[in-house]
Amino acid sequence: MNKNILIVGGGYVGLYTALRLQKKLRSQMRSGDVTITIIDPQSYMTYQPFLPEAAAGSLSPRHMVAPLRRILPKVRILNGTVTKVNHSERTVTFQPAEGESREVAYDVIVMAVGSISRTLPIPGLTDIGIGFKEVGEAIALRNRVLHLLDVAESTDDPEVRRRALTFVFVGAGFAGVEALAELEDMARDSTKYYRNITPADIRWVLVEASNRILPEVGPEMGRWTLEQLRERGIDVRMETRLESCVGGHVVLSDGAEFDAETLVWTAGVKPSPVVNSTDLPVDERGRIKTTTMLTVAGVDGAFAAGDAAGVPDVTNPGEYCAPNAQHAVRQAKVLADNIIHYLRGEQLVDYRHKYVGSVAGLGLHQGVANVYGVKLRGFPAWFMHRTYHLSRVPTLNRKVRVVVDWTLALFFKRETISLGEMEHPRDEFRAAVAANRR
Ligand SMILES: Cc1cc2nc3c(=O)[nH]c(=O)nc-3n(C[C@H](O)[C@H](O)[C@H](O)COP(=O)(O)OP(=O)(O)OC[C@H]3O[C@@H](n4cnc5c(N)ncnc54)[C@H](O)[C@@H]3O)c2cc1C
């Protein structure tokens, strides 16, 4: 009998689960006994740890995404969003990129919908804030920083210049610290092409509500990172909150007030909102309630993993697995195996992985790492960061492209042009039409 496996979300968990199922259920898929479908608004998986390098121009954004249709030729890919899950009826409501929504039926569902930025109701945030989770955001941020250097160089107004050259990042986890450090490094490098801008003219502000920076690498390496950022002239404000940013006027809880053209919000994540439109159980933190075997608690035929799932950490009783790629990739492997066990009526196995620490890039040749208790800083950590992520980025094709990008960057100067007009490709044509009317 045909079994339909539906994977909602084609990110880390979705892609790696489908890859393993595609490999292990090859004959069943060929005979039509098993069908696998992925639904995701994007046709690619984003390798998020490379977003900061893509923003800094060390990597082509196209090389940090994995095209789902090419990697998963046996899997049906539907582009659009799941807006509702009715597990008791074994259907989801699917809103395609264009046209009417429709129901898609399944036998087994995998909830792999990841997370979105966790925001707060801060005045002005919706108008000027930008997140840092998507390729589009990384590209836009890169274009913006370079464009604002052009603005600052070309204006006579000191207020406009100061505002253009002020960049605020809120949240000192992985995403905030790496994005800020990489962009600061790129901007510093770019100033040599400007006559009136030196690195000291650019103000970088990192705002963090807690007293910890980069908790993923532990307290000691976090403190070192803080010192390193401050030595680079970055204004790091610990135990400080963003109170307001209406019209770009930033007000912080320590009393500081200044204008900034750019505010990047990286202060945590929360499960994708579709989790609330399901009949699946949800825990107190809004995640899908998941067992150690990556099944949805108390429900038959439903699995979950990654940022959207509250997976108990069997290596640390009472705690949950943190939302990171290290867990997501490993969970996907166990999840795929457990789906096969489930289809065969076999005993499922527990997901067990002890967090091994982390690596972070802080700009070209700079990094920090704490892996298996080995603490590294500077160049060795940066080298480890690159080799680790190179080993993890999906497919040989992407690995080769990433290596080529890095090798070219060794021999040629970094690209420092803003292609911001790509975000408004019709402006030029509209202006031409208007000019012809005159
Ligand atoms: C800048 C940055 C740097 C990071 N660096 C690291 C690092 O160095 N190490 C580390 O371990 N982790 C890192 N992470 C975290 C890591 O990327 C995430 O933990 C990981 O992506 C989680 O995998 P996931 O499959 O749960 O979610 P994702 O990979 O985010 O995938 C979720 C997918 O679901 C799709 N989706 C969402 N809602 C719907 C819906 N309603 N219908 C259909 N599809 C939907 C999304 O489009 C997305 O493709 C970083 C994250 C960021 C943002």
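Predicted model, so just to flag it, every value in this text is computed and none were measured. Only this structure's heavy atoms are used, side chains among them; waters, hydrogens and symmetry mates stay out. Counting convention: from 1, in listed order, for ligands and their atoms alike.
- Within 4.0 Å of atom 14 (N) of ligand 1, not a single protein heavy atom is present.
- For Asn370 (side chain) and Lys375 (main-chain N/O), no donor-acceptor pair under 3.5 Å exists by modelled atom type.
- Counting atoms of ligand 1 from 1 in the listed order, those under 4.0 Å from a heavy atom of Gln326 are 11 (O).
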Test salt bridge (charged side-chain N to carboxylate O under 4.0 Å, His left out) on Lys24 and Asp337; report intermediate values, then the result.
CA-CA 9 Å; Lys24 292 202 152 187; Asp337 289 348; 3.4 Å; yes
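- Counting heavy atoms closer than 4.0 Å to ligand 1, residue His327 contributes nothing at all.
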Under the side-chain hydrogen bond (donor to acceptor under 3.5 Å, both in side chains) rule, what do Tyr342 and Asp300 come out as? Steps first, then yes or no, please.
CA-CA 10 Å; Tyr342 171 80; Asp300 183 51; 3.1 Å; yes
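- Proximity to Ala112 (heavy-atom distance under 4.0 Å) selects the following atoms of ligand 1: 32 (C), 33 (C), 34 (O).
- Atom CG in Asp40 sits 10.5 Å away from atom CG in Leu78 (nearest 0.5 Å).
- By the criterion of a heavy-atom distance under 4.0 Å, both the backbone and the side chain of Ala325 are placed next to ligand 1.
- In this structure a side-chain-to-backbone donor-acceptor pair under 3.5 Å is missing from Thr166 to Ala260.
- Below 3.5 Å of separation, one finds no N or O of Gly80 facing any N or O of ligand 1.
- Close N/O approach between Thr81 and ligand 1 is not found [any backbone or side-chain N/O within under 3.5 Å].
- Within the 4.5 Å cutoff, the side chain of Pro123 has heavy atoms near those of the Val246 side chain.
- Heavy-atom distances between Pro41 and ligand 1 reach below 4.0 Å in at least one pair.
- Formation of a donor-acceptor pair under 3.5 Å by the Ser210 side chain with backbone atoms of Arg212 is found in this model.
- Every atom of ligand 1 is numbered from 1 in the order shown, and the set under 4.0 Å from a heavy atom of Pro323 is 19 (O).
- Listed by chain and number, the residues in a side-chain hydrogen bond (donor to acceptor under 3.5 Å, both in side chains) with Gln95 amount to none (sequence neighbours excluded).
- Per-residue contacts place His389 under 4.0 angstrom from the following atoms of ligand 1 (heavy atoms of the residue considered): 8 (O).
- Given atom 25 (O) of ligand 1, the protein heavy atom at minimum distance is Val13 N, 2.9 Å.
- Of the polar atoms of Ser272, at least one N or O is found under 3.5 Å from an N or O of ligand 1, judged by distance alone.
- A distance of 9.5 Å separates CD1 in Ile5 from OG1 in Thr37, rounded to the nearest 0.5 Å.
- By the 3.5 Å distance cut-off applied to N or O atoms, Thr46 is not counted among the residues near ligand 1.
- Ligand 1 has a nitrogen or oxygen under 3.5 angstrom from a nitrogen or oxygen of Asp40.
- Aromatic ring centres of Phe383 and His365: separated by at least 6.0 Å.
- For ligand 1, the atoms lying closer than 4.0 Å to a non-hydrogen atom of Gly9 are 33 (C), 34 (O), 35 (C), 44 (N).
- In Val82, the parts holding a heavy atom less than 4.0 Å from any atom of ligand 1 are both the side chain and the backbone.
- Nearest heavy atoms, Glu243 versus Leu252: CG-C, 3.7 Å.
- Nearest residue to atom 30 (O) of ligand 1 from Glu53, Gln48, Glu134, Lys84 is Gln48 (criterion: closest heavy atom).
- Partner His353 forms a side-chain hydrogen bond (donor to acceptor under 3.5 Å, both in side chains) with one of His327, Gln331, Lys333, Gln326 and no other, that one being Gln326.
- Using a 4.0 Å cut-off to heavy atoms of Ala328, the atoms of ligand 1 that qualify are 23 (O).
- Each of the following atoms of ligand 1 lies closer than 4.0 Å to a heavy atom of Gly306: 26 (O).
- Of the options Tyr355, Tyr47, Phe94, Phe174, the smallest heavy-atom separation from atom 8 (O) of ligand 1 is shown by Phe174.
- Summarising the geometry of Asp254 relative to Arg237, their closest heavy-atom pair is OD2-NH1, 2.7 Å, with the distance given to 0.1 Å.
- Atoms of ligand 1 found under 4.0 Å from any heavy atom of Ile39, numbered from 1 in the order shown, are 43 (C), 44 (N).
- Every N/O-N/O distance between Lys133 and ligand 1 stays at or above 3.5 Å.
- Contact detail for Val13 and Ala332: the closest heavy-atom pair is O-CB, 3.8 Å.
- Any N or O atom pair closer than 3.5 Å counts here, and Phe132 shares no such pair with ligand 1.
- The shortest N or O to N or O distance between Ala305 and ligand 1 is not below 3.5 Å.
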